[in-house]
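Order of listing sets the numbers, starting from 1, for every ligand and every atom in it.
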Amino acid sequence: MSLTARFSCLNEYDPDALSVDQARTFIRSQLTPVGTHERLALRSALGRVLASDVIAPFNVPAHDNSAMDGYALRHAELSCNGASRLLVVGTALAGKGFAGSVGAGECVRIMTGAPLPAAVDTVVIQEMVQADGASVVVPAGQRRGQHIRLAGEDLAAGKPALVAGRLIRPADLGLLASLGCAEVSVHRRLRVAFFSTGDELCSIGTSLADGEVYDSNRYTIFGMLGRLGCEVLDLGVVRDHPATLEAAFREAAAAADVVITSGGVSVGEADFVKGLMAQLGEVLFWKIAMKPGRPMAFGRLGDGAHSAWLFGLPGNPVAVMVTFYQFVRDALYALMGADPLPVVPLLPAVCTAAIRKAPGRTEFQRGILSQVDGRWCVRPTGAQGSGVLRSMSDANCFVVLEHDRGQVAVGDQVQVQLFDGLV
Ligand code: AMP
Ligand code: MG
């Protein structure tokens, strides 16, 4: 079934009044991971998506071992109602266990990470005991099994340590290293081509003519794609001329998995691009109930091996970033084969300014989240026009004003979406 037919099957979806959630859900439903897999040295796999499950070949830890520095003993040796004196018959170190046996009335000095000697079931930390030459006095009140890390409690032999679709983070590198994995199989990088459209645009490095503006979208798009680990192909500025645009779309679709454009989808220009798209592929033009970023095109360009997904973003610099983060980011992760995991949570915060808002569209205001008197508060970053890129640059979060929400008064709770995370 064609993309257009699949979209029109959803009879509650109106292309001229699509909600943010509907657009996101439809896009996601169309995408399957692209690309082949490659094996990479472990460090190079950071930020990539695991292509197959990694099954633990052995237990981590491999043996029961001590979680503390102290004395390893058999709990049954301890007196029930008083201190016990035990003879220290040896030492177990990390990497060099105690090979002998521990008899009645005996214990072993043990260090953190040392394998537990045979038949021993409890560790008493060194601060608890009174060492007295060759023996130690252990007070009452020790619990059987205390201070022991069990074999396989981190990763169990034969079980998946990580599953396909995992976006590999620093902890995963360490986890894979703990299994001795020197290489992993990951999805290849996604290739994304992008260009800007507009007769008024000038590229940096040339001087501005009267009425021209520097093309900033290619730089924000470059930055956003770079953070997602995509391979980028910058096709520059393309003039609003049918033949030039057609050539750019063909080149991009042939070279990349995804094509991202900015500009040319607003009401005044869309008809012209629509005509072109009808020849080059199958592209849906939407007016999304959101601010900023109302117009957007989504579809497929070209056919067979020379085809690519297209995201035609609006031209306004803030709208480009908002639509990228709200739709394209999620779509790129899906195409990379990642689990639908990297969902960015919405968190509550107190709004310290009034915001004018009408129900019927989702707004993404740019805000600064900070702690005031122990409470998380957010204030918008001043002028919120969709051309005011400074509002994005100053912000550390989006203030997400839901579709049905009306005015926001000072002190109201709003939802925020943070730009940066810890890892
Ligand atoms: P458009 O969507 O093409 O009608 O563009 C909307 C607004 O965004 C216009 O003011 C354009 O000049 C501006 N704009 C479009 N593309 C870019 C770009 N690449 N860099 C900076 N501003 C742009
Ligand atoms: Mg334009």
Side-chain angles (χ1 to χ4, degrees), residues 15-16 18 20 23 192-226 230 232-249 251-252 256 258-277 280 283-299 301 310-329 361 363-366 381 383-395:
D16 289 331
L18 214 53
V20 169
V192 184
F194 58 94
F195 58 86
S196 297
T197 71
D199 289 338
E200 76 283 27
L201 301 178
C202 172
S203 290
I204 60 172
T206 39
S207 43
L208 281 180
D210 199 28
E212 285 186 340
V213 294
Y214 279 120
D215 174 7
S216 58
N217 291 343
R218 263 162 57 226
Y219 293 85
T220 49
I221 290 173
F222 167 85
M224 294 187 290
L225 290 172
C230 298
V232 297
L233 185 63
D234 181 348
L235 298 180
V237 168
V238 178
R239 301 284 162 223
D240 293 321
H241 301 150
T244 325
L245 265 176
E246 181 177 339
F249 278 119
E251 182 188 350
V258 177
V259 178
I260 298 176
T261 63
S262 70
V265 289
S266 57
V267 177
E269 298 171 306
D271 286 345
F272 158 61
V273 183
K274 268 184 194 165
L276 198 63
M277 290 294 151
L280 294 177
V283 177
L284 305 169
F285 285 76
W286 292 334
K287 292 191 183 76
I288 303 175
M290 69 188 289
K291 187 184 171 187
R294 200 160 120 86
M296 193 175 102
F298 165 69
L301 290 179
L310 170 79
F311 291 89
L313 307 184
N316 275 308
V318 180
V320 165
M321 299 196 75
V322 171
T323 48
F324 185 97
Y325 285 128
Q326 299 305 323
F327 304 111
V328 184
R329 173 183 180 276
R361 67 180 181 209
E363 290 198 16
F364 297 90
Q365 297 239 338
R366 280 72 67 206
T381 53
Q384 295 283 318
S386 63
V388 183
L389 198 49
R390 187 190 176 113
S391 67
M392 275 302 295
S393 175
D394 285 347

(request) Please tell me if the side chains of Leu310 and Phe298 come closer than 4.5 Å, counting only heavy atoms from C-beta onward. (result) no
(message) Using heavy-atom distances only, which candidate in Val273, Thr220, Val213, Asn316 approaches atom 10 (O) of ligand 1 most closely?
(response) Asn316
(message) Once you restrict to heavy atoms under 4.0 Å, what part of Ser196 touches ligand 1? Side chain, backbone, both or neither.
(response) side chain
(request) Write out the residue and atom name of the closest protein heavy atom to atom 19 (N) of ligand 1, then the distance separating them to 0.1 Å. (result) Asp215 OD1, 2.7 Å
(request) Just jot down the salt bridge (charged side-chain N to carboxylate O under 4.0 Å, His left out) partners of Asp199, sequence neighbours excluded, or say none. (result) none
(message) Determine whether a donor-acceptor pair (N or O, by modelled atom type, separation under 3.5 Å) exists between the side chain of Arg239 and the backbone of Gly198.
(response) yes
(request) Using a strict cut-off of less than 4.0 Å between a Lys/Arg side-chain nitrogen and an Asp/Glu carboxylate oxygen, indicate whether Asp394 and Arg366 qualify as a salt bridge. (result) no
(message) Applying side-chain contact (heavy atoms from CB on, under 4.5 Å) to Glu363 and Lys291, what does each step give before you reach the verdict?
(response) CA-CA 5 Å; Glu363 290 198 16; Lys291 187 184 171 187; 3.9 Å; yes
(message) Test your reading of the model: is there a side-chain donor-acceptor pair from Asn316 to the backbone of Val318, 3.5 Å cut-off?
(response) no
(message) Could you identify the single nearest non-hydrogen protein atom to atom 22 (N) of ligand 1 and state the distance to 0.1 Å?
(response) Pro317 CG, 3.8 Å
(request) Check each atom of ligand 1 against the heavy atoms of Tyr214 and keep those under 4.0 Å away; list them by number with element. (result) 20 (N), 21 (C)
(request) Could you list the residues that satisfy ring pair (Phe, Tyr, Trp, His ring centres under 6.0 Å) with Phe327, not counting sequence neighbours? (result) none
(request) Compute the shortest N/O to N/O distance between Pro314 and ligand 1 and return yes if it is under 3.5 Å, no if not. (result) no
(request) Find out whether Asn217 and Phe194 are in side-chain contact, i.e. whether some heavy atom of one side chain is under 4.5 Å from a heavy atom of the other. (result) no
(request) For residues Glu200 and Glu212, determine if any side-chain heavy atom of one lies less than 4.5 Å from a side-chain heavy atom of the other. (result) no
(message) Around atom CZ of Phe285, are there more than 12 heavy atoms from other residues, nucleotides or ligands closer than 6.0 Å?
(response) yes
(request) May I ask whether Gly198 has any heavy atom positioned less than 4.0 angstrom from an atom of ligand 1? (result) no
(message) What protein N/O/S atoms are there under 2.8 Å from the Mg ion (ligand 2), waters excluded?
(response) Glu269 OE2
(request) Evaluate the side-chain proximity of Met321 to Met224: yes if any heavy-atom separation is below 4.5 Å, no if none is. (result) yes
(message) Students should be able to answer this: which protein heavy-atom is nearest to atom 20 (N) of ligand 1, and at what distance?
(response) Ser216 N, 3.1 Å
(request) State which residues pass ring pair (Phe, Tyr, Trp, His ring centres under 6.0 Å) with Phe195; sequence neighbours excluded, sorted by chain then number. (result) Phe249
(request) Answer yes or no for Gly387: is there a heavy-atom contact with ligand 1 below 4.0 Å? (result) no
(request) List the closest protein heavy-atom neighbour of atom 5 (O) of ligand 1: residue, atom name, distance to the nearest 0.1 Å. (result) Gly315 CA, 3.7 Å
(message) Starting from atom 17 (C) of ligand 1, what is the nearest protein heavy atom, named by residue and atom, and what distance separates them?
(response) Asn217 ND2, 3.2 Å
(request) Taking only heavy atoms of Gly263 into account, list the atoms of ligand 1 that are under 4.0 Å away from them. (result) 2 (O), 3 (O)
(request) Pick one of side chain, backbone, both or neither for how Leu201 approaches ligand 1, counting any non-hydrogen atom pair under 4.0 Å. (result) side chain
(request) Please identify which atoms of ligand 1 are closer than 4.0 Å to at least one heavy atom of Gly264. (result) 1 (P), 2 (O), 3 (O)
(request) Classify the contact between Glu200 and ligand 1 as side chain, backbone, both or neither, using a heavy-atom distance cut-off of under 4.0 Å. (result) side chain
(message) Using side-chain heavy atoms (C-beta onward) and a distance below 4.5 Å, is Leu313 in contact with Thr261?
(response) no
(message) Any heavy-atom pair between the side chains of Thr323 and Val328 that's under 4.5 Å?
(response) no
(request) Considering only non-hydrogen protein atoms, determine which one is nearest to atom 3 (O) of ligand 1 and report residue, atom name and distance to 0.1 Å. (result) Glu269 OE1, 2.9 Å
